[in-house]
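This report concerns only the one structure given below.
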Amino acid sequence: MVRALHDQTPATYEDVLAAPEGKVAELLNGALYLRPRPARPQGRAASRLGALLIPGFELGRGGPGGWWIEDEPELRLGEDVLVPDLAGWRREVVPAFDTSVSYVTMAPQWVCEVLSPSTAAKDRVLKLPKYAAAGVEHAWLVDPLALTLEVLEAMEDGTWRLIGAFEGEATVTPRPFDALPMELSDLWIESLGPTY
């Protein structure tokens with residue numbers, strides 16, 4: 001949901017704070033975007049991806065460590081407020097966060113958007129350029145309905161270059177988390193067994 005087009009007043013952070021309970025609010029180009037919490041395939045894919053990355057890349061268990069990885073952080077990037085499904089900061093760039101606030105003003109080095117039919121266009125068309133302009137180096141687009149992972153790398157001109165596209169049950173080592181292999185099948189809800 002986007003604030004009505006006839007309302008010419010730019011949305012502000014106060015609109016983000018006033019968002020209805022259960023909605024994720026984002027502020028892009030002065031417009032307020034509201035979306036419901038993720039549906040099960042998207043929520044499970046994001047949760048499982050975090051569970052796969054955190055042990056080796058944040059905690060250093062069986063992997064190199066050196067990252068902070070967070071689910072749905074609120075990023076304040078200039079006038080925009082973005083909420084990626086996952087984001088990661090290299091500890092050499094961000095040794096610690098200000099824990100007195102609920103948002104982050106330093107752009108992550110990696111973001112992941114888990115696509116749904118209602119968010120895919122906004123994620124690709126509006127959010128990816130904002131991430132590139134803020135200095136994000138890597139972006140993943142996970143589609144749990146198509147069972148795909150697209151791995152993007154930011155270019156100096158602010159555009160994105162596709163450096164890998166994977167599907168189904170492939171074993172992958174996508175940048176920047178290429179130190180450990182990952183089974184894509186671990187992300188898809190179908191691999192969980194019976195539907196509940």
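- Alongside Met155, the hydrophobic cluster contains no other residue (criterion: ILVMFWY side chains under 4.5 Å).
- At least one side-chain heavy atom of Lys122 sits less than 4.5 Å from a side-chain heavy atom of Leu28.
- Within the model, atoms CE of Met106 and CG of Asp98 stand 12.0 Å from one another, a figure rounded to the nearest 0.5 Å.
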Which atom pairs, donor and acceptor, lie under 3.5 Å between side-chain atoms of residues 131-141 and protein residues at least two apart or in another chain?
unit_1: Tyr131; atom_1: OH; unit_2: Glu113; atom_2: OE2; d: 2.6
unit_1: Glu137; atom_1: OE1; unit_2: Arg90; atom_2: NH1; d: 2.8
unit_1: Trp140; atom_1: NE1; unit_2: Arg175; atom_2: O; d: 2.8

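- At least one side-chain heavy atom of Pro73 sits under 4.5 Å from a side-chain heavy atom of Pro84.
- By the 4.5 Å heavy-atom criterion applied to side chains, Leu152 and Ile163 are not counted as neighbours.
- Under a 4.0 Å N-O distance rule, the pair Glu21/Lys23 does not qualify as a salt bridge.
- In terms of the salt bridge (Lys or Arg N to Asp or Glu O under 4.0 Å) criterion, residue partners of Asp123 (sequence neighbours excluded) are, by chain and number, Lys127.
- Contact annotation: the side chain of Val81 never approaches that of Tyr103 to less than 4.5 Å [non-hydrogen atoms, C-beta and beyond].
- Scored by the side chain to side chain donor-acceptor pair (under 3.5 Å) test, Glu167 finds no partners at all (sequence neighbours excluded).
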**Study point:** Test log, rule side-chain contact (heavy atoms from CB on, under 4.5 Å), inputs Phe166 and Val151
**Key:** CA-CA 8 Å; Phe166 311 96; Val151 180; 3.8 Å; yes
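- A cation-pi arrangement, defined by a distance under 6.0 Å to the six-membered ring centre and an angle within 45 degrees of its axis, is absent between Arg91 and Trp67.
- Taking CG from Leu52 and CZ from Arg48, the interatomic distance works out to 7.5 Å, rounded to the nearest 0.5 Å.
- Applying the 6.0 Å contact sphere to CD of Glu183 captures more than 12 heavy atoms from other residues, nucleotides or ligands.
- Pro181 and Thr173 get closest at one heavy-atom pair: CA-CG2, 3.6 Å.
- The shortest distance between side-chain heavy atoms of Pro144 and Leu187 does not fall below 4.5 Å.
- Qualifying side chain to side chain donor-acceptor pair (under 3.5 Å) partners for Ser47, counting only residues two or more places apart in sequence or in other chains: none.
- Trp160 contributes a side-chain N or O that, together with a main-chain N or O of Leu128, makes up a donor-acceptor pair within less than 3.5 Å.
- The minimum heavy-atom distance linking Glu74 with Ser102 is given by the pair CB-O, 4.1 Å.
- With hydrophobic clusters built from ILVMFWY side chains whose heavy atoms lie under 4.5 angstrom apart, Val93 shares a cluster with Val111.
- The line from OG1 of Thr171 to CE of Met182 is 9.5 Å long, rounded to the nearest 0.5 Å.
- At a threshold of 4.5 Å between side-chain heavy atoms, the hydrophobic network of Ile, Leu, Val, Met, Phe, Trp and Tyr places Val24 and Tyr33 in two separate groups.
- Taking each heavy atom of Leu180 and Gly56 in turn, the nearest pair found is CD1-CA, 4.0 Å.
- For residues 57-71, there are no salt bridge (Lys or Arg N to Asp or Glu O under 4.0 Å) pairs, not counting sequence neighbours.
- Under the 3.5 Å distance criterion, the side-chain polar atoms of Asp143 are left unmatched by any main-chain donor or acceptor of Thr148.
- Under 4.0 Å is where a charged nitrogen must lie from a carboxylate oxygen, and between Glu150 and Arg124 at least one such pair does.
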Exercise for review: Step by step, work out the side-chain contact (heavy atoms from CB on, under 4.5 Å) result for Thr159 and Arg161.
Suggested key: CA-CA 7 Å; Thr159 61; Arg161 177 173 65 107; over 6 Å; no
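- In this structure, the side chains of Trp110 and Pro174 stay at 4.5 Å or more apart for every pair of heavy atoms.
- At distances below 3.5 Å, not a single donor-acceptor pair connects side-chain atoms of Asn29 with backbone N or O atoms of Ala31.
- Tracing side-chain contacts under 4.5 Å through hydrophobic residues (I, L, V, M, F, W, Y), one never reaches Val83 starting from Val94; they form parts of separate clusters.
- When all heavy atoms of Leu86 and Ala46 are compared, the pair lying nearest together is CD1-O, 3.7 Å.
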Practice item. Go through the steps to decide whether Glu26 and Leu34 satisfy the test side-chain contact (heavy atoms from CB on, under 4.5 Å), and finish with yes or no. Key: CA-CA 7 Å; Glu26 296 180 297; Leu34 298 175; over 6 Å; no
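- Hydrophobic cluster membership is shared by Leu115 and Leu162, with clusters built from Ile, Leu, Val, Met, Phe, Trp and Tyr side chains linked at under 4.5 angstrom.
- A 4.5 Å side-chain heavy-atom check between Leu145 and Gln42 finds at least one atom pair inside the cut-off.
- Considering only heavy atoms from C-beta on, Ile54 stays 4.5 Å or farther from Trp68 through its side chain.
- The two atoms that bring Pro129 and Leu126 nearest to each other are CD-O, 3.5 Å, heavy atoms only.
- Using a cut-off of 4.0 Å between Lys/Arg side-chain N and Asp/Glu carboxylate O, Asp80 and Lys130 are scored as salt-bridged.
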Check your understanding: Would Leu184 and Leu147 satisfy side-chain contact (heavy atoms from CB on, under 4.5 Å), going step by step from the backbone distance to the final call?
Key -> CA-CA 8 Å; Leu184 278 187; Leu147 309 182; over 6 Å; no
